[in-house]
Amino acid sequence: MPPRSPYFSQTLMENIREQLSRLVGDALSEVSGIAGCNPNVFEATRPEFGDYQANGVMAAAGRCGRKPRELAEAVISVLRDEDGLVASAEVAGPGFINIRLNDRALMARGDEVLRDPRSLIPADSQTLKIVVDQSSPNLAKEMHVGHLRGTVIGDCLSRVLERLGHKVIRQNHVGDWGTQFGMLIAYILDQGASVLQTELEDLETFYRAAKDKFDSDPDFADRARLSVVKLQGGDPEYLEAWRSFIDESLRHCQEIYDRLDVGLTLADLDAESRYNDDLEAIIHELDEKGLLRESDGARCVFLPEFKGKDGEPLPVIVQKSDGGYLYSTTDLAAVKMRSFDFKADRSLYVVDARQSLHFRQVFAVARAADMASANISLEHVAYGTIMGSDGRPYKTRSGDSVKLADLLDEAVARALALVSEKNPDMAEDERLLIAENIGIASVKYADLSKNRMNDYVFDWSTMLSFEGNTAPYLLYACTRIKSLLRKHGDDSGGNELTALTRSEERALLLKALQLPEVVDVVARECYPNLLCTYLYELSGVFMRFYEACPVLKAEPQIRKTRLALASLTEKTLEQGLDLLGIQTLERM
Ligand code: ARG
């Protein structure tokens with residue numbers, strides 16, 4: 001899907017901008033005599049410039065040989081503002097037109113949202129089928145910190161796309177096939193079934209024990225290699241051992257998904273093993289299309305666009321010399337399924353940036369072999385690595401990978417300490433519930449708020465801080481607004497936007513109504529950090545409003561408007577956070 005705009009700008013309510021463009025464009029064409037003038041209306045961020053500015057008059061003036069300022073005057077005099085959008089329009093600078101939106105139009109939109117909060121984010125005009133490949137761990141080991149990003153970014157994008165009315169098909173492309181599993185099965189068969197109950201509880205230890213044995217016991221290593229062959233040949237005993245291992249591993253994953261509240265279930269599984277029976281046909285198809293070449297006994301596809309450092313052609317290997325298939329082969333089969341069975345319009349792969357060559361190759365081979373439908377957009381939504389403070393991938397002190405389960409435990413423990421410090425008198429049950437929410441939200445938000453293309457340094461103290469662009473800051477802002485509304489009575493019906501008396505009120509209303517714009521950009525460009533930045537900015541605009549505009553001491557009409565604005569902010573924050581997979585709290 002081609003992005004509509006390359007930048008995230010502070011574009012306000014695209015429909016209003018378009019309406020203004022039409023209005024000013026018609027007037028400009030009329031006075032200049034040039035058909036179809038582009039008035040180039042954009043949002044002006046400096047309030048003293050007006051809310052919108054049109055700078056297309058100068059170009060038109062050049063073409064019809066008139067003075068720009070004079071032409072701008074003439075445009076203003078013939079504006080036909082039938083919808084009452086424009087409060088004032090004036091000439092500025094060398095021939096700009098500054099347009100101030102009518103408060104009424106803005107307030108009407110705000111009231112509409114207060115009556116029906118979900119109308120804040122309208123559905124996309126076009127409903128697409130979108131596959132989101134997300135999380136996708138390798139089941140041989142327990143989920144570790146490296147799986148966090150693909151899990152939470154994938155969930156956020158799925159939520160955003162669903163919210164816009166698209167049909168989202170989540171796919172958890174877990175690795176559950178291949179040589180490591182042979183080793184694990186051999187270990188299970190060696191140790192007897194009892195190992196399933198005891199050692200499998202800790203998959204990591206189990207994996208290490210099997211690996212140690214593999215490395216130190218050549219006999220065992222032989223048996224391990226043999227068990228892959230038996231497994232792939234469909235031997236029932238091996239299949240059963242494999243199944244029991246996979247089930248256990250998936251149970252571990254599900255615990256993490258539930259705790260992270262990412263909405264993945266077993267129904268979203270798209271395990272590699274699902275494609276076993278399709279792989280032979282993939283090779284055959286590539287061969288038929290004349291794309292297959294043998295190289296050192298392996299079967300490969302060479303495409304002109306992939307060259308190694310030395311300029312030598314770079315192969316995409318699809319079948320090893322021993323007949324085994326590869327990661328790419330499975331992904332080709334998956335592209336086919338997503339294209340022709342699911343009939344998806346977009347297929348997003350939320351996967352580590354280190355796999356970008358893999359995806360470029362798979363996409364290119366799929367296109368060359370017509371394994372992707374003509375209209376499907378294949379998009380690698382790449383993300384960087386989570387780093388430790390030492391500038392290397394985040395590890396435990398002893399150099400092991402950090403288990404995701406342990407990381408979440410620690411986040412919650414740290415959040416509990418914070419909550420207890422803030423609320424020493426709160427009942428323990430409540431503190432625990434709040435800490436669970438804040439701890440998990442902090443980890444998710446810290447990740448989502450970073451530009452996904454970059455690596456970032458994992459840092460407990462910033463992510464749990466109540467200051468800055470963090471989950472605790474936003475959650476706290478929400479609880480403050482909620483408590484304000486509780487205190488002064490909000491029953492959304494009762495509070496209406498009647499008049500804007502301060503620039504801070506207007507700024508807040510404008511900002512809150514901007515959410516759909518941001519959501520739209522996130523859906524197209526797949527950068528959840530844009531939504532985080534927006535929510536953080538919205539909280540800042542609210543704080544400035546709240547400092548400048550007293551609620552309690554204001555006279556009734558103004559108070560109602562201010563409470564309505566607070567309520568609108570709260571509804572906006574809540575919906576925005578929900579799209580990130582974060583739920584707000586009543587108190588914290
Ligand atoms: N299981 C893979 C890994 O752990 C990631 C799979 C990503 N999805 C895909 N369709 N290749 O690296």
Side-chain angles (χ1 to χ4, degrees), residues 130-155 157-158 168-181 183-184 203-204 207 242 245-246 249-250 252-254 256-257 262 264 266 268-276 278-279 282 301 316-318 324-342 344 346-367 371-373 376-386 393-394 401-404 452 526:
I130 305 176
V131 171
V132 185
D133 190 312
Q134 54 196 288
S135 192
S136 307
N138 185 333
L139 296 183
K141 292 188 181 185
E142 220 169 302
M143 284 182 79
H144 59 82
V145 63
H147 298 114
L148 180 68
R149 306 203 78 183
T151 306
V152 302
I153 296 172
D155 178 54
L157 296 176
S158 302
V168 171
I169 305 171
R170 294 171 182 249
Q171 292 285 275
N172 188 0
H173 193 79
V174 296
D176 67 341
W177 205 242
T179 42
Q180 290 141 309
F181 294 94
M183 174 185 89
L184 296 168
L203 282 180
E204 210 55 33
Y207 181 88
W242 170 76
F245 179 86
I246 295 298
S249 184
L250 285 172
H252 279 252
C253 295
Q254 195 58 48
I256 303 268
Y257 297 151
V262 288
L264 273 178
L266 287 179
D268 306 310
L269 270 186
D270 175 46
E272 287 186 9
S273 59
R274 173 190 204 170
Y275 298 99
N276 289 344
D278 305 337
L279 302 180
I282 293 284
V301 179
V316 181
I317 307 175
V318 288
Y325 301 105
L326 290 104
Y327 185 45
S328 313
T329 330
T330 314
D331 257 326
L332 286 170
V335 170
K336 274 191 87 173
M337 163 137 18
R338 291 167 194 195
S339 284
F340 301 109
D341 295 338
F342 296 164
R346 292 175 78 184
S347 182
L348 311 181
Y349 294 78
V350 186
V351 185
D352 196 307
R354 286 170 289 194
Q355 295 194 23
S356 77
L357 177 62
H358 165 76
F359 284 110
R360 281 193 289 126
Q361 292 185 323
V362 167
F363 297 166
V365 174
R367 294 280 179 212
M371 290 178 177
S373 57
I376 195 171
S377 161
L378 300 168
E379 304 168 40
H380 179 201
V381 179
Y383 56 79
T385 307
I386 302 182
Y394 190 51
S401 55
V402 179
K403 288 193 211 171
L404 207 39
R452 62 173 167 78
C526 303

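Just follow the structure's listing: the first ligand is 1, and inside any ligand the first atom is 1. This one's a predicted model, so the numbers in the text were calculated from it and none came from an experiment.
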Do [X] and ligand 1 have an N or O pair less than 3.5 Å apart?
X: Q355; answer: yes
X: R338; answer: no
X: H147; answer: no
X: D133; answer: yes

For atom 1 (N) of ligand 1, the protein heavy atom that lies nearest, with its residue and separation:
S136 O, 3.0 Å
Nearest protein heavy atom to atom 6 (C) of ligand 1, by residue and atom, and its distance?
Y327 OH, 3.2 Å
Any idea which atoms of ligand 1 are less than 4.0 Å away from a heavy-atom of [X]?
X: Y349; answer: 10 (N)
X: F359; answer: 9 (C), 11 (N)
X: V351; answer: 7 (C), 8 (N)

Report the part of D352 (side chain from C-beta onward, or backbone N, CA, C, O) that has a heavy atom under 4.0 Å from ligand 1; answer both or neither where that applies.
neither
Go through the steps to decide whether D352 and R149 satisfy the test salt bridge (Lys or Arg N to Asp or Glu O under 4.0 Å), and finish with yes or no.
CA-CA 8 Å; D352 196 307; R149 306 203 78 183; over 6 Å; no
For atom 9 (C) of ligand 1, which of the options Q171, E272, Q134, H173 provides the nearest non-hydrogen atom?
H173
Among D133, L378, I130, V132, which residue satisfies the side-chain contact (heavy atoms from CB on, under 4.5 Å) criterion with S347?
L378
Using the side-chain hydrogen bond (donor to acceptor under 3.5 Å, both in side chains) rule, pick out the option among N172, T151, D155, D268 that qualifies with Y257.
N172
Using 30° and 60° as the class limits, which term best fits the ring planes of Y349 and F363: parallel, tilted or perpendicular?
tilted
Sidechain-backbone polar pair: Q254 side chain, L264 backbone, donor-acceptor under 3.5 Å
yes
With side-chain contact (heavy atoms from CB on, under 4.5 Å) as the test, would you mind laying out the steps for Q180 and Y207 before giving the verdict?
CA-CA 9 Å; Q180 290 141 309; Y207 181 88; 3.9 Å; yes
One pair to check against side-chain contact (heavy atoms from CB on, under 4.5 Å): C253 and L139. What are the steps and the verdict?
CA-CA 9 Å; C253 295; L139 296 183; 3.8 Å; yes
Electrostatic pair R274:D176 at N-O distance under 4.0 angstrom:
no
